[in-house]
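Below is one structure; the comments refer to it alone.
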Amino acid sequence: VVYAIFMLLVLLTLAAAWRGYALELPLFLITAAWVLVHLVLDMTTPLSLSF
Amino acid sequence: MNRLYLAAATLNVWVLVLVLVAAFTVQLVLWELPCPLCVMQRVALMLVALGPLHILLRAQGRGVLASRDAAVGNGIAILAALLGVIASGRQMLLHILPGDAGFGAPVLGLHLYTWCLIAFGCQIAAGAVMLLAAAWIDDKPVAWRPTRVTALAFAAIVAGNLLSVIAEAGLNWDLPSDPVRYLLFG
């Protein structure tokens, strides 16, 4: 589900950019920060994203 | 120069869409389900595409290509490409030991995550070149017709991946590290 949320956020960011809403940049930054946290957790905790 | 700049941004988005289509094709045709890190690399590719799309959509909305929009768009692309470098570099390092066959079938001798790392490196270089080229942008009105179809193609491939990852993960928060079936279908 978490990956679907990432992709949904990408679609929402695209929609905001299309409409010229100021929400576009905050949405991008939130998604990017969450992706970064998810990757860092994979490297520092038993969470296993990888094979 | 403005039209050339928008053409480069359009080409950038289409290259990213084609990479995502290629990964999707490998998944559907060769039945190679993406692992969590592979999906993270796809998400990073999508985030990268939001950069040049920002430039295209702002130019379409305002009728003018502004240096500010070019700077923001390339900043988005470079930041997202750095996330992609982390994800693909991490996966490459996991399989670097001698005797490790790697994850998935190689394409032209390299695994998809290695190709991804190369692609993200090229994207960072392209973003830097686009930032430099912003010095030649002027304030003349510009019309660029391919923006709409480019954004729609991108939205379609993201939506396809969204449905695919829901099918793959089912109702689970995360994916198994080595997925072999679509969990939504049992």
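Convention: sequence-line order gives letters A, B, ...; per-chain numbering from 1.
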(message) Once rounded to the nearest 0.5 Å, what's the spacing between atom CG of A/Leu27 and atom CG of A/Leu14?
(response)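 Result: 11.0 Å between the selected atoms.
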(message) Please report the interatomic distance CE(B/Met1) to CG(B/Leu6), rounded to the nearest 0.5 Å.
(response)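 Here the interatomic distance stands at 10.0 Å.
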Side chain, backbone, both or neither: which part of [X] has an atom under 4.5 Å from a heavy atom of chain A?
X: B/Ala87; answer: both
X: B/Leu53; answer: side chain
X: B/Leu171; answer: backbone
X: B/Gln60; answer: side chain
X: B/Arg148; answer: both
X: B/Leu83; answer: both

(message) Surrounding CG of B/Leu132 (heavy atoms of other residues, nucleotides or ligands, distance under 6.0 Å), is the total greater than 12?
(response)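 Yes.
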(message) Counting only heavy atoms from other residues, nucleotides and ligands, does the tally under 6.0 Å from CH2 of B/Trp31 exceed 12?
(response)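 No - once you tally the heavy atoms of other residues, nucleotides and ligands closer than 6.0 Å, there are 12 at most.
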(request) Measure the acute angle between the ring planes of B/Tyr113 and B/His111, then classify it against the limits of 30° and 60° as parallel, tilted or perpendicular. (result)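 Rings of B/Tyr113 and B/His111: parallel, under 30°.
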(message) Looking only at heavy atoms and a cut-off of under 4.5 Å, which of B/Val43, B/Ile166, B/Leu50 has the most pairs with chain A?
(response)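 Counting heavy-atom pairs under 4.5 Å, the top option is B/Leu50.
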(request) For chain A, find which of B/Ile76, B/Thr147, B/Asn172, B/Leu82 contributes the most heavy-atom pairs closer than 4.5 angstrom. (result)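 Option with the top pair count is B/Ile76.
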(request) Name the option with the most non-hydrogen atom pairs under 4.5 Å to chain B; the candidates are A/Leu36, A/Ile5, A/Val40. (result)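 Sorted descending by pairs with chain B, the first entry is A/Leu36.
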(request) Step through it carefully: locate the ring centre of A/Phe6, locate the ring centre of A/His38, and say whether they are under 6.0 Å apart. (result)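 Yes, the ring centres sit under 6.0 Å apart.
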(message) Side chains of B/Gln41 and B/Gln91: any donor to acceptor distance under 3.5 Å?
(response)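 Indeed, the side chains of B/Gln91 and B/Gln41 share at least one donor-acceptor pair under 3.5 Å.
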